[in-house]
Amino acid sequence: MRREALAAPGEAGAGENASKCRNRPLVASEIVALVVQKYGGTSVGDPERIKAVADHIARTRRAGDDVVVTVSAMGKSTDDLIRLAQEVSHTPNVREMDMLLTAGERISMALVSMAVNDLGVPAVSFTGSQAGIVTDTQHGRARIVEVKGDRIREAVADGKVAIVAGFQGVSTAKEIVTLGRGASDLTALALAHVLGADACEIYTDVEGVYTADPRIVPNARKLARVSLDEMLEMAATGGRVLMLRSVEFARKYGVRIHVRSSFTWAPGTWVEEASEMESMEQAIISGVTHDTSEAKVTIEQVPDQPGVAGKLFRALADAGCNVDMIVQNVSTEGHTDISFTLPKDDLSSAHEVMQRVLGAVGAKQYRSDLDVGRVSLIGAGMKSHPGVAATMFETLAREGINIEMISTSTIRISCVVAEADVERAVQALHDEFKLGQV
Ligand code: ASP
Ligand code: MG
């Protein structure tokens, strides 16, 4: 039944939540679980890995579940293809770039399909276009507008495993496009949603979502569950396990995600709506994240008048600068300082904007600082527990770490500190909030 009742809204579009149709009472003959499994680049990095993945797919299928698979390109092959393009062209044409990069996922989908077929389980691969993943026309970062999925449904109804190339689609102008770096997650979640899958399993090289980056905090703990809201904050503040846009998509449509390892196959972390989690389990703090990919810009002596911030940030937005935290100081003598963070990659565009608009808005000068990092505490429980921010600031103070900027949401507190202090801050906070203990 799940395969019939499938309207397919896109990333941006509103629409009925197709995955909710699993709530309709089922008759016994209809109860077949459908699982979407996504395998990242390291999971399919070489022939041995591909055979191990094929074996897991075949076992899942033999256990009676319907299986739809999404794959990333093998290992670092997307990076290799980008390098290749740069060797033949200074400014590779965006259309041809997408043609090139989509080839990476095409290779892995065909190889995985061959390996699954060899195990006696029928499988068939599809490009994003064949799977009916329709997008807007922005090459390199297209957004999904619709997932048709007819051929996927037919393949599954025929008893086959459908293997879909991640990270790609076909635009409304019939061009082949990519969805942005890391977007195979998004392909998998979009398929899980429109196919009404019971869960979307994201297989990667880590065992799940941790209380902190285990490379920095040796006693970081794997979380059994985390809410989609918390995951969104984690992905936005440096948690590298899931792509931010894919978490936004999952949250919007309530897709349950199971993040797990294709190296150990151990149960990983369930990412799902908070209402599905027992409130007993809700910790005050779920994790500490960090991010050193952003820079800080401070504009000095901005006239304290209506319209100035609007002009500045409009110009930055028009230049494609992805501004993140913004802090405006208390004004003295009709002037104020404004600081903001943005990805280091966007800094050169920001420089151009500053040179153009600073005089126009009457600001004095600006500085940029690359040696900053952001440390964030995330936890749904902080909504109802006063004192979390105070404890965070006291902990950083005890370590002699100066806080340069602060921002909060209802379930997150972030501090910008010197980049050299980031690891120590993460360790101290992880200890202070006892995140290593169950
Ligand atoms: N292969 C693409 C990338 O490296 C998509 C993905 O891995 O999700 O960005
Ligand atoms: Mg990847």
Kindly say whether [Y] contributes a backbone atom to a donor-acceptor pair with the side chain of [X] at under 3.5 angstrom?
{"X": "Arg153", "Y": "Ala157", "value": "no"}
{"X": "Lys148", "Y": "Val134", "value": "no"}
{"X": "Thr269", "Y": "Val209", "value": "yes"}
{"X": "Thr127", "Y": "Gln130", "value": "yes"}

Should [X] and [Y] count as an ion pair when the cut-off is N to O under 4.0 Å?
{"X": "Asp55", "Y": "Arg59", "result": "yes"}
{"X": "Arg245", "Y": "Asp185", "result": "no"}
{"X": "Asp80", "Y": "Lys76", "result": "no"}

With sequence neighbours excluded, residues passing side-chain hydrogen bond (donor to acceptor under 3.5 Å, both in side chains) with [X]:
{"X": "Arg356", "value": "none"}
{"X": "Glu404", "value": "Lys296"}
{"X": "Arg141", "value": "Gln138"}

With no hydrogens and no angle check, do the side chains of [X] and [Y] hold a donor and an acceptor under 3.5 Å apart?
{"X": "Arg240", "Y": "Thr289", "result": "no"}
{"X": "Ser414", "Y": "Arg412", "result": "yes"}
{"X": "Thr292", "Y": "Arg374", "result": "no"}
{"X": "Asp98", "Y": "Thr178", "result": "yes"}
{"X": "Ser227", "Y": "Glu230", "result": "yes"}
{"X": "Gln168", "Y": "Thr187", "result": "no"}
{"X": "Ser125", "Y": "Ser113", "result": "no"}

Query raised in the report: Trp270 vs His258 aromatic rings, parallel, tilted or perpendicular, using cut-offs 30° and 60°?
Result: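 It falls in the parallel class, under 30°.
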Query raised in the report: Under 30°, 30 to 60°, or over 60°: which ring-plane class applies to His56 and Trp265, parallel, tilted or perpendicular?
Result: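 Correct class here is parallel.
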Query raised in the report: Can you tell me if CZ on Arg106 sees more than 12 non-hydrogen neighbours from other groups inside 6.0 Å?
Result: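 At most 12 heavy atoms, drawn from other residues, nucleotides or ligands, come within 6.0 Å of this atom.
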Requested in this report: Please assess Lys51 against Glu48 for the test salt bridge (Lys or Arg N to Asp or Glu O under 4.0 Å), listing each intermediate value before the final yes or no.
Outcome: CA-CA 5 Å; Lys51 284 197 258 176; Glu48 285 314 309; 3.7 Å; yes
Query raised in the report: Centres of the Phe263 and Tyr203 rings: under 6.0 Å?
Result: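 That pair fails the under 6.0 Å test.
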Requested in this report: Please assess Lys38 against Glu105 for the test salt bridge (Lys or Arg N to Asp or Glu O under 4.0 Å), listing each intermediate value before the final yes or no.
Outcome: CA-CA 12 Å; Lys38 181 256 172 176; Glu105 270 69 11; over 6 Å; no
